[in-house]
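Have a look at the structure below before the remarks.
Residue numbers run from 1 in the order of the sequence given.
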Amino acid sequence: MLGAVQLGLFAAGVVLFVPMGMAGWHLSRNKMLFFSCALFITLAVGVHLVPYFPSVTSFLSSGSSSGSDSSSSVIVNRDSCFSLLHQVAFDFQELSNNSKRGSWKWIESENVVDCDFQKLTKNDASDLLNGSWVVVAGDSQARLMVVSLLELLLGESKMEIIKKDLFLRHSDYSIFVDEIGMKLDFIWAPYMSNLTDLIMGFKEKKSYPDVFVMGAGLWDMLHVNNASEYGVSLKSLKDSVVLLLPVSSAFANGDGSGTNNVVPVRSPNLFWLGMPKLISSMLKTDEKREKMDDVMWQAYNDELYRSKLLQQSGGPLFLLDVHSLSNNCGADCTSDGMHYQGAVYEAAVHIMLNGLLIESNQKL
C-alpha cells in the first residue's frame, strides 16, 4: 500500500511541478493566468490521488449515497425489520361486534414505522407475485392462508366462485391467475413426512416454486402425540430442504459453519407456517382437549426451534408466527380454539409479502 501511495505522490509531483516549471517563465508576467493554471493542475492532481486514500473515497461515496432513494434504508435495516414484522395489533371492538372479519394493523412504534411495512393492495401484490409459482403445503391452517392470499389477489366476488372447490375436505387445490401469470398450488400435507416427500418430488422433477410456504404439527400432535418423534421428523425435513433444494449449504450446520457452495438454481423463498394458539377449553372433542394442551404445544414448539429449521434459529425457513398473531387476536377470534378469523391469516399473508419485499430490497 505504501508503494502505491509513494508512486502516486511521485506521479503527482511530476504532473504538478514539471509543467509549472516549464511554463513558469512564460506565465510569470500574467499572474491571473499563472494562478488559474496552478489551480487547474492542483485539482487534477487531487482527482489523481483520491483512489489512494480510502477514507476520502468512503467519505465521498457516503455523501453521494445519502441522497439515494429509500431502498438503501431497506438494506441497512433488513435484519431488524425482519424481526419486527410480527408487531401486529387487532381491533377487538370490531371483532366483538361479530363482524365477518376483524381488522389489524402494525403497531406504530418508532422502529416499526421506520421499516415502512405496508398492507399491499391487489395491484401491489399482483406486481410482486407476477409470473410466480407459489406453493402452500400443510393442514387446514395452510388452507386458510391460501384463502387470505387469494382474497387479496382475486377479490371477494371471485372467491365465492372457487371456495367450494378450495374447501373440499383433505384435498389439494390449484389455480392459475391469468391476469398476472401466477400459479398457486395448495397441497394437503398434514404430517411432516408429507412435506419431506413433497420436497423430494420437487428435486426429482428439477422444478422448484418461487415461494414455498409449509407447516405441519397439529395432526401429529393429535394422532401421534409424541414431541420427540416430531423433532426427528423436523430434522429430517430440514436436512431434505438443505440437501435437495437450491439453498446455501451453510444451513447444513445450525452454527453456520458450513461451506457457502450454492447450487446454481434460483432459490425459492421459504416460509414456515407456525401452529396457532390452542385454547384447550374451546376445542371440540375430548381427545383434542386431552392431547392438545399448552404443555404439549410448548414441547412441539421447542422441537421446532431445536431442529434449526427456522431462520430465527439459523435455518433456511422464515417463521410466519401464527401463534403470536392468534394469541394477540385472542379468544374472540376463534370459535373452536384452533381455527381463527380471517384477520389472523390476512396478517400472515401481508407479513410474508413484506418479507419478500425486504428480501428483494424492493419498495412500493
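Counting all heavy atoms, side chain and backbone alike, H323 lies closest to K277 at CD2-CA, 3.4 Å. Closest of all the heavy-atom pairs between L234 and M192 is CD2-CE, 3.3 Å. Residues A216 and P190 share a closest heavy-atom pair of CB-O, 3.5 Å. Nearest approach of K122 to L153, heavy atoms of both residues: CE-O, 3.0 Å. Listed here is the closest heavy atom pair of A299 and A227: CB-CB, 3.8 Å. Across all non-hydrogen atoms, the minimal contact from P276 to M338 is CG-O, 3.4 Å.
Rounding to the nearest 0.5 Å places OG of S140 at 6.5 Å from CG of L218. Between the CD1 atom in I199 and the CZ atom in F212 there is a gap of 5.0 Å [rounded to 0.5 Å]. Interatomic distance, D139 CG to L144 CG, rounded to the nearest 0.5 Å: 9.0 Å. With rounding to the nearest 0.5 Å, the separation of CD in E287 from OG1 in T285 is 5.5 Å. Remark: I161 CD1 to L154 CG distance equals 9.5 Å, nearest 0.5 Å. Taken from CG in N226 to NZ in K291, the straight-line distance is 11.5 Å, to the nearest 0.5 Å.
In terms of modelled atom types and a separation under 3.5 Å, the side chain of S313 and the main chain of L310 share a donor-acceptor contact. Remark: side-chain polar atoms of S240 are paired, donor with acceptor, to backbone N or O of S236 under 3.5 angstrom. Counting only distance, with no hydrogens or angles, the side chain of R306 and the backbone of G231 share no donor-acceptor pair below 3.5 Å. No donor-acceptor pair under 3.5 Å is formed between the side chain of H86 and the backbone N or O of L320. The main-chain N or O of S126 is never found under 3.5 Å from a side-chain atom of N130 such that the two would form a donor-acceptor pair. Distance alone, capped at 3.5 Å, is enough to place a donor-acceptor pair between the N354 side chain and the H350 backbone. A donor-acceptor contact shorter than 3.5 Å links the side chain of R289 to the backbone of L283. Of the possible polar contacts, one joining the N194 side chain to the Y191 backbone as a donor-acceptor pair under 3.5 Å is found. For T121 (side chain) and D124 (main-chain N/O), a donor-acceptor pair under 3.5 Å exists by modelled atom type. In this structure, D210 contributes its side chain and S132 its backbone to no donor-acceptor pair below 3.5 Å.
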Item to complete: Go through the steps to decide whether Y230 and V224 satisfy the test side chain to side chain contact (heavy atoms under 4.5 Å, CB included), and finish with yes or no.
Response: CA-CA 9 Å; Y230 181 67; V224 181; over 6 Å; no
Practice prompt. Please report the C-alpha distance between E346 and K105 in whole Å, then the side-chain angles of each, then the deciding distance to 0.1 Å, and finally whether the salt bridge (Lys or Arg N to Asp or Glu O under 4.0 Å) criterion is met.
Written response: CA-CA 11 Å; E346 180 186 312; K105 64 180 180 179; over 6 Å; no
Item to complete: Any chance you could lay out the side chain to side chain contact (heavy atoms under 4.5 Å, CB included) test for E359 and L356, step after step, and finish with the verdict?
Response: CA-CA 5 Å; E359 185 68 32; L356 291 174; 5.6 Å; no
Practice prompt. Go through W188 and S171 one step at a time and tell me if the side chain to side chain contact (heavy atoms under 4.5 Å, CB included) criterion holds.
Written response: CA-CA 6 Å; W188 175 250; S171 64; 6.0 Å; no
Worksheet item: Is there a side chain to side chain donor-acceptor pair (under 3.5 Å) between Y345 and Q141 once you walk through the steps?
Response: CA-CA 8 Å; Y345 305 99; Q141 299 293 315; 2.7 Å; yes
Worksheet entry | Stepwise side chain to side chain contact (heavy atoms under 4.5 Å, CB included) check, M352 with V213 | CA-CA 9 Å; M352 179 189 75; V213 182; 3.5 Å; yes
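For CD of E108, the number of neighbouring non-hydrogen atoms (other residues, nucleotides, ligands) closer than 6.0 Å is 12 at most.
Looking only at side-chain heavy atoms (C-beta outward), D239 and T196 stay at 4.5 Å or farther from each other. With a 4.5 Å cut-off on side-chain heavy atoms, F186 and V134 do not count as touching. Between L222 and M292, the closest side-chain pair of non-hydrogen atoms falls below 4.5 Å. Side-chain atoms of Q311 and L270, non-hydrogen and from C-beta on, never get closer than 4.5 Å to each other. F176 is not listed as a side-chain neighbour of M182, based on a closest heavy-atom distance of 4.5 Å or more. When side chains are defined from C-beta on, M159 counts as touching L166, because their heavy atoms get closer than 4.5 Å. Side-chain atoms of M275 and M221, non-hydrogen and from C-beta on, do get closer than 4.5 Å to each other. Using a 4.5 Å cut-off on side-chain heavy atoms (C-beta onward), L319 and L309 make no contact.
Geometrically, K119 engages W104 in a cation-pi contact, judged by NZ or CZ lying under 6.0 Å from the ring centre and within 45° of the ring axis.
Here ring-ring contact (aromatic ring centres under 6.0 Å, His included) pairs that include residues 131-169, with residues two or more places apart or in two chains, are W133-F202.
For the residue pair S174 / D185, a side-chain donor-acceptor distance below 3.5 Å is found, with atom types taken as modelled. A side-chain donor-acceptor contact under 3.5 Å links Y300 and D220. Under the 3.5 Å distance criterion, with hydrogens and angles disregarded, no donor-acceptor pair is assigned to the side chains of Q298 and D294. With hydrogens and angles left out, the side-chain atoms of H339 and T334 include no donor and acceptor closer than 3.5 Å.
The cluster map of Ile, Leu, Val, Met, Phe, Trp and Tyr, joined by side-chain heavy atoms under 4.5 Å apart, puts I107 and I358 in different clusters. I351 and V113 fall into different hydrophobic clusters, where Ile, Leu, Val, Met, Phe, Trp and Tyr residues are linked whenever their side-chain heavy atoms come under 4.5 Å apart, directly or through other members. The same ILVMFWY cluster, assembled from side-chain heavy atoms under 4.5 Å apart, contains both V344 and M282. Hydrophobic clustering (ILVMFWY, side-chain heavy atoms < 4.5 Å, transitive): I162 and L152 are in one cluster.
Centroid-to-centroid, the aromatic rings of F82 and F318 come within less than 6.0 Å.
A salt bridge is defined here as a Lys NZ or Arg NE, NH1 or NH2 lying under 4.0 Å from an Asp or Glu carboxylate O, and E229 with K235 fails to meet this definition.
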